[in-house]
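All values below come from the heavy atoms of this structure, side chains included, with hydrogens, waters and symmetry mates left out.
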Amino acid sequence: MKTCILADNQFVTNEGIFAILERKGTENIVRVRTMNELQEKLSKFPDAVVMLDYTLFDFTSMQQMLNVKAAARKSAWILFSNELGEHFLRYVILSDPTVSVVMKNDSRKEIMAALENAESGFSYICESVEQILQNETPSNADTDPVHLTASEKIILHEIALGKTTKEIAYEKNLSFHTVNSHRKNIFRKLEINNVHEAIKYAIRAGIFDVAEYYI
């Protein structure tokens with residue numbers, strides 16, 4: 001492997017993967033902390049292998065991450081995280097089947113397999129993620145137990161599609177402040193603090209259909 005870009009802001013795993021790559025004989029190991037740094041290094045090393053912890057990086061949406069990867073089409077990406085949701089995994093892998101996935105609690109053997117496959121131009125999905133993807137898609141609930149308002153349901157639906165507050169405001173002809181207020185109210189009512197949890201709730205409550213990811 002000529003170049004590997006470590007896009008992982010968790011110190012312990014960053015150091016661990018760095019050591020594995022050194023022992024593997026990787027010629028050039030580059031660390032990045034932001035999306036801008038990642039894009040800069042990809043322009044310099046277009047065929048690099050990227051090991052990314054999406055949950056700790058500064059991407060604002062799944063689509064933004066996929067756009068950066070698409071712009072660096074010669075690179076090979078390995079998603080490397082502690083936890084990735086089922087719907088996130090299905091969306092990303094369907095959108096770009098060249099993405100590899102390995103979890104931080106996987107064995108060294110699986111991590112090495114992901115690296116070797118990425119280096120050879122193949123994708124790799126670890127066993128634990130394969131099991132998740134083999135599960136049936138959860139069915140939608142018939143009711144919204146929190147009783148979100150009609151406007152809040154619309155905003156939650158757009159959030160579940162991966163849109164930013166600015167994008168929602170523009171498309172719905174609303175002010176940024178209005179959309180942001182709805183977003184805060186939704187998160188408060190649902191007692192959540194991240195988009196992944198919002199998506200899970202939207203699917204359970206029938207506000208969002210997971211099939212919309214694949215359109």
**Q.** Considering all heavy atoms, the nearest V99-I125 contact
**A.** O-CD1, 3.9 Å

Q) Hey, does the side chain of Y54 reach the backbone of M62 with a donor-acceptor pair shorter than 3.5 angstrom? A) yes

Q | Shortest non-hydrogen contact between R33 and N9, atoms and distance | A | O-ND2, 3.3 Å

Q | In one Ile/Leu/Val/Met/Phe/Trp/Tyr side-chain cluster, 4.5 Å: F187, I155 | A | yes

(Q) For residues M112 and M51: do they belong to one hydrophobic cluster (side chain heavy atoms under 4.5 Å, members Ile, Leu, Val, Met, Phe, Trp, Tyr)? (A) yes

Q: With the side chain counted from C-beta on, respond yes when T60 and K166 share a heavy-atom pair under 4.5 Å apart, and no when they do not.
A: no

Q) Do E119 and L115 have side chains that get closer than 4.5 Å, going by heavy atoms? A) no

Q) Does some side-chain heavy atom of W77 sit less than 4.5 Å from a side-chain heavy atom of M65? A) yes

Q | Spatial distance of atom CD1 (I5) from atom NZ (K41) [nearest 0.5 Å] | A | 8.5 Å

(Q) Looking at every non-hydrogen atom in both residues, tell me the closest pair between G162 and S61 and how far apart they are. (A) O-CB, 3.3 Å

Q) Atom CG of L42 and atom NZ of K74: how far apart are they, to the nearest 0.5 Å? A) 12.5 Å

Q. Does the side chain of K69 come under 3.5 Å of the side chain of T98 through a donor N or O and an acceptor N or O?
A. yes

Q.
So does V102 get a backbone contact from the side chain of E110, meaning a donor-acceptor N/O pair under 3.5 Å?
A. no

Q. When you look at CZ of R31, are more than 12 heavy atoms from neighbouring residues, nucleotides or ligands closer to it than 6.0 Å?
A. yes

Q) Are F88 and L79 side-chain neighbours, meaning at least one heavy-atom pair lies under 4.5 Å? A) yes

Q.
I'd like to check the ring-ring contact (aromatic ring centres under 6.0 Å, His included) partners of F45; sequence neighbours left out, ordered by chain and number.
A. none

Q | Heavy-atom pair of closest approach, residues I199 and A160 | A | CG1-CA, 3.7 Å

(Q) If you count every heavy atom of other residues, nucleotides or ligands that lies below 6.0 Å from Q64 atom CD, does the total exceed 12? (A) yes

**Q.** Trace of the side chain to side chain contact (heavy atoms under 4.5 Å, CB included) decision for N82 with T55
**A.** CA-CA 8 Å; N82 284 317; T55 59; 5.9 Å; no

Q. Just wondering, more than 12 heavy atoms not from E22 lying within 6.0 Å of its CD?
A. yes

Q: Examine distances only and state if a side-chain atom of D58 and a backbone atom of M35 form a donor-acceptor pair shorter than 3.5 Å.
A: yes

(Q) So, taking the atom named CD in Q131 and the one named SG in C126, what distance separates them when rounded to the nearest 0.5 Å? (A) 9.0 Å

Q | F59 vs L38 side-chain heavy atoms within contact, under 4.5 Å | A | yes

Q. Got Q39 and V68 here, is their nearest side-chain heavy-atom distance under 4.5 Å?
A. yes

Q: Please report the shortest heavy-atom distance between V32 and F57, naming the atom on each side.
A: O-CE1, 3.8 Å

Q: Rounded to the nearest 0.5 Å, what's the gap from OG on S181 to CZ on F176? Could you check?
A: 9.5 Å

**Q.** Euclidean distance, I17 CD1 relative to K24 NZ, rounded to 0.5 Å
**A.** 11.5 Å

Q) Taking a hydrophobic cluster as the set of Ile, Leu, Val, Met, Phe, Trp and Tyr residues connected by side-chain heavy atoms closer than 4.5 Å, whether directly or through intermediates, do V92 and V50 fall within one such cluster? A) yes

Q: Rounded to the nearest 0.5 Å, what's the gap from NE2 on H157 to CD on E152? Could you check?
A: 15.5 Å

Q.
Applying a strict under-4.5 Å side-chain criterion to I, L, V, M, F, W and Y, I'd like to know whether L66 and L56 cluster together.
A. no

Q. If every non-hydrogen atom of N117 is compared with every non-hydrogen atom of S123, which pair is closest and at what distance?
A. OD1-O, 3.9 Å

(Q) Does either side chain, that of N14 or that of Q10, offer a donor lying less than 3.5 Å from an acceptor on the other one? (A) no

Q. ring-ring contact (aromatic ring centres under 6.0 Å, His included) with F18: which residues, sequence neighbours excluded?
A. none

Q.
My understanding is that only one of L21, T3, I20 makes a side-chain contact (heavy atoms from CB on, under 4.5 Å) with T26; could you say which?
A. L21

Q. Are the side chains of E158 and E167 in touch, meaning some heavy atoms are under 4.5 Å apart?
A. no

**Q.** N67/Q63 under side chain to side chain donor-acceptor pair (under 3.5 Å): CA gap, chis, key distance, verdict
**A.** CA-CA 6 Å; N67 289 342; Q63 193 57 55; 3.1 Å; yes

Q | Step-by-step side chain to side chain contact (heavy atoms under 4.5 Å, CB included) determination, R183 to I168 | A | CA-CA 11 Å; R183 183 188 180 99; I168 297 169; 5.6 Å; no

(Q) Please check: side-chain N/O of S100 versus main-chain N/O of I78, any donor-acceptor pairing under 3.5 Å? (A) no

Q. Just wondering, do Y201 and I186 contact through their side chains at under 4.5 Å, heavy atoms?
A. no

Q.
According to a hydrophobic-cluster definition based on side-chain heavy atoms being under 4.5 Å apart (Ile, Leu, Val, Met, Phe, Trp, Tyr only), do V195 and I154 belong together?
A. no

